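Right, one structure below, let's go through it.
For the numbers below, each heavy atom of this structure counts, side chains included, while hydrogens, waters and symmetry mates do not. Model, not experiment: these values are computed from the prediction.
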Amino acid sequence: MSKSLLSAAEKNEIFSHQRDNGPFSALALETACLNYLDRLNRIFRDPLAAAADRRAALKKGMTLEQKLFDYIRHETPISYFDSDFRNQTKQYIRMREIYVDAVNFTFKRHRFRFVLDLLRLYSEDPCQILPERDIFKEKWEQVLLYDYLLLDMGQKNTEDIGREAVSNGYHECDYTLEIEEVWKQPMKAVPRSHFRYVKAALPYSQGAQAIATWMKGHAKDLAPALWVVDTKAIEALRKGPDLIVTDEDIAIIEKTF
């Protein structure tokens with residue numbers, strides 16, 4: 001082993017000397033907590049683990065995840081009247097980006113909030129300190145649109161077929177053929193479970209405004225089509241002139257559910 005690599009003893013020494021007021025203490029705590037949440041999630045999902053251990057891991061993980069979410073919000077204020085606001089902005093971005101990447105063991109509603117935070121920051125940037133703001137704004141619009149606002153029907157149908165295959169004992173060939181048929185027609189939908197995210201994102205997201213505008217114009221067709229939407233049309237609306245979505249528009253859409 002190369003002497004330049006950290007040994008187990010050195011790693012233990014590093015972890016044992018963490019302090020609360022270090023320049024990267026908040027980041028260290030966040031990443032350590034996410035690693036712990038990953039471990040708790042693996043215990044909870046382990047079918048061979050004792051039932052009591054799985055329940056305890058679930059309870060601990062849910063409590064800890066909420067506390068981490070609150071901790072990140074508490075530790076990342078931005079005051080543009082503070083001389084340290086540039087470093088505050090860096091910390092704000094870093095901690096949210098790390099959290100959003102932890103898809104498998106954090107709550108979607110919390111990741112969604114942090115994605116909105118990042119989108120709002122890059123949209124406003126009142127002191128013009130983010131030189132690539134337009135690039136990152138577009139990045140978070142895409143993440144919001146395709147990971148939170150739109151339901152991937154190909155993935156959902158694949159999961160449904162997988163569950164059916166397990167329960168009915170499908171032959172592997174039949175299962176594979178059915179999956180192939182699903183992915184030949186990739187579709188996105190906005191069912192009620194996702195429309196609540198659309199509503200919450202309306203003040204900040206062109207993608208949310210485009211979805212609501214398209215859905216309002218096709219309200220009568222939504223239920224028969226199982227809330228499948230036209231993503232090409234939505235992308236065109238998103239990149240076009242500014243959109244205005246009213247409370248009346250939202251009411252029209254909600255009547256379809």
### Query
Where do Y71 and L29 land on the side-chain contact (heavy atoms from CB on, under 4.5 Å) test, with the steps shown first?
CA-CA 10 Å; Y71 173 81; L29 180 61; 3.4 Å; yes

### Derivation of the side chain to side chain donor-acceptor pair (under 3.5 Å) call for S205 and E141
CA-CA 7 Å; S205 168; E141 275 280 12; 3.0 Å; yes

### Message
Is there a side-chain contact (heavy atoms from CB on, under 4.5 Å) between I211 and L145? Walk through the geometry before answering.
### Response
CA-CA 9 Å; I211 288 173; L145 185 62; 3.5 Å; yes

### Query
Yes or no on salt bridge (Lys or Arg N to Asp or Glu O under 4.0 Å) for D117 and R113, after CA distance, side-chain angles and deciding distance?
CA-CA 6 Å; D117 285 347; R113 278 293 155 194; over 6 Å; no

### Message
For a side-chain contact (heavy atoms from CB on, under 4.5 Å) check, start with the C-alpha distance between R109 and Y148, then their side-chain angles and the critical distance, and finish with the verdict.
### Response
CA-CA 9 Å; R109 65 178 183 273; Y148 295 89; over 6 Å; no

### Message
side chain to side chain donor-acceptor pair (under 3.5 Å), that's the test. Do D84 and N87 meet it? Break it down for me.
### Response
CA-CA 6 Å; D84 198 38; N87 287 329; 2.8 Å; yes

### Task
Check step by step if salt bridge (Lys or Arg N to Asp or Glu O under 4.0 Å) holds for E248 and K216.
CA-CA 10 Å; E248 289 75 17; K216 187 248 182 177; over 6 Å; no

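Residue D242 places its CG atom among 12 or fewer non-hydrogen atoms of other residues, nucleotides or ligands, all under 6.0 Å distant.
Counting all heavy atoms, side chain and backbone alike, L149 lies closest to A201 at CD2-CB, 4.4 Å. Taking every heavy atom of both residues into account, I234 and A210 meet most closely at O-CB, 3.4 Å.
A 4.5 Å side-chain heavy-atom check between L151 and K188 finds every atom pair outside the cut-off. In this structure the side chain of M95 reaches within 4.5 angstrom of the side chain of L27, judged on heavy atoms. Between K108 and Y197, some side-chain heavy-atom pair lies under the 4.5 Å cut-off. Inter-residue side-chain proximity for T213 and D249 is flagged as unmet; no heavy-atom pair is nearer than 4.5 Å. Contact check for D221 versus T256: no side-chain heavy atoms found under the 4.5 Å cut-off. Considering only heavy atoms from C-beta on, R55 stays 4.5 Å or farther from F44 through its side chain. Residues R96 and Y99 fail the side-chain proximity criterion, which asks for heavy atoms closer than 4.5 Å. Between L144 and Y204, every side-chain heavy-atom pair lies at or beyond the 4.5 Å cut-off.
One distance of note links CD of Q206 with CG of L243; it measures 8.0 Å at 0.5 Å rounding. Taking NZ of K60 as the start and CG of L37 as the end, the distance is 10.0 Å to the nearest 0.5 Å. The CG atom of N12 sits 11.0 Å away from the CG atom of L6 when rounded to the nearest 0.5 Å. Rounding to the nearest 0.5 Å gives a distance of 6.0 Å between CD of E30 and CG of L68. Here T231 contributes atom OG1 and D152 contributes atom CG; the two are 10.5 Å apart, rounded to the nearest 0.5 Å. To the nearest 0.5 Å, the span separating CG on L119 from CH2 on W140 amounts to 10.0 Å.
Ion pairing of D134 with K137 is absent here, as no side-chain N (NZ or NE/NH1/NH2) approaches a carboxylate O to less than 4.0 Å. A salt bridge links E235 and R238; the closest N-O separation between the charged side-chain nitrogens and carboxylate oxygens is under 4.0 Å. Using a 4.0 Å cut-off between charged side-chain N and carboxylate O, K199 and E254 make a salt bridge. Using a 4.0 Å cut-off between charged nitrogen and carboxylate oxygen, D46 and R54 do not count as a salt-bridge pair.
The aromatic rings of W214 and H218 lie parallel to each other, with less than 30° between the two planes, well short of the 60° mark.
Paired with D70 under the rule side chain to side chain donor-acceptor pair (under 3.5 Å), one option of Q66, K67, H74 passes, and it is Q66. For the side chain to side chain contact (heavy atoms under 4.5 Å, CB included) with M215, the qualifying choice from I252, I250, V190 is V190, the only one to do so.
By the criterion of side-chain heavy atoms lying less than 4.5 angstrom apart, applied directly or through intervening Ile, Leu, Val, Met, Phe, Trp or Tyr residues, L64 is not grouped with L58; the two fall into different hydrophobic clusters. I43 and Y36 are not part of a single hydrophobic cluster, where members link through side-chain heavy atoms under 4.5 Å apart. Hydrophobic clustering of Ile, Leu, Val, Met, Phe, Trp and Tyr side chains at less than 4.5 Å, counting indirect connections, unites F24 with L34. Hydrophobic clustering, with ILVMFWY side chains joined whenever heavy atoms are under 4.5 angstrom apart, groups I129 together with L121.
Counting only N and O atoms by type, the side chains of S123 and R133 include no donor and acceptor under 3.5 Å apart. For the residue pair E10/S7, the side-chain donor-acceptor check at 3.5 Å is satisfied.
With hydrogens and angles ignored, the 3.5 Å screen pairs a side-chain donor or acceptor of Q88 with a backbone N or O of S79. With N35 contributing its side chain and T31 its backbone, the two residues share a donor-acceptor pair below 3.5 Å. Q209 places a side-chain N or O within donor-acceptor distance of the main-chain N or O of L202, the cut-off being under 3.5 Å. A donor-acceptor distance shorter than 3.5 angstrom exists from the side chain of D125 to the backbone of L130, with no hydrogens or angles considered. Side-chain atoms of E65 come within 3.5 Å of backbone atoms of F107 as a donor-acceptor pair (strictly under, hydrogens ignored).
Not less than 6.0 angstrom separates the ring centroid of F195 from the ring centroid of W227.
For the pair R111 and F114, the NZ or CZ position fails the cation-pi test of under 6.0 Å to the six-membered ring centre and within 45 degrees of the ring normal. Cation-pi geometry between R120 and Y122 is not met at under 6.0 angstrom from the ring centre and within 45 degrees of the axis.
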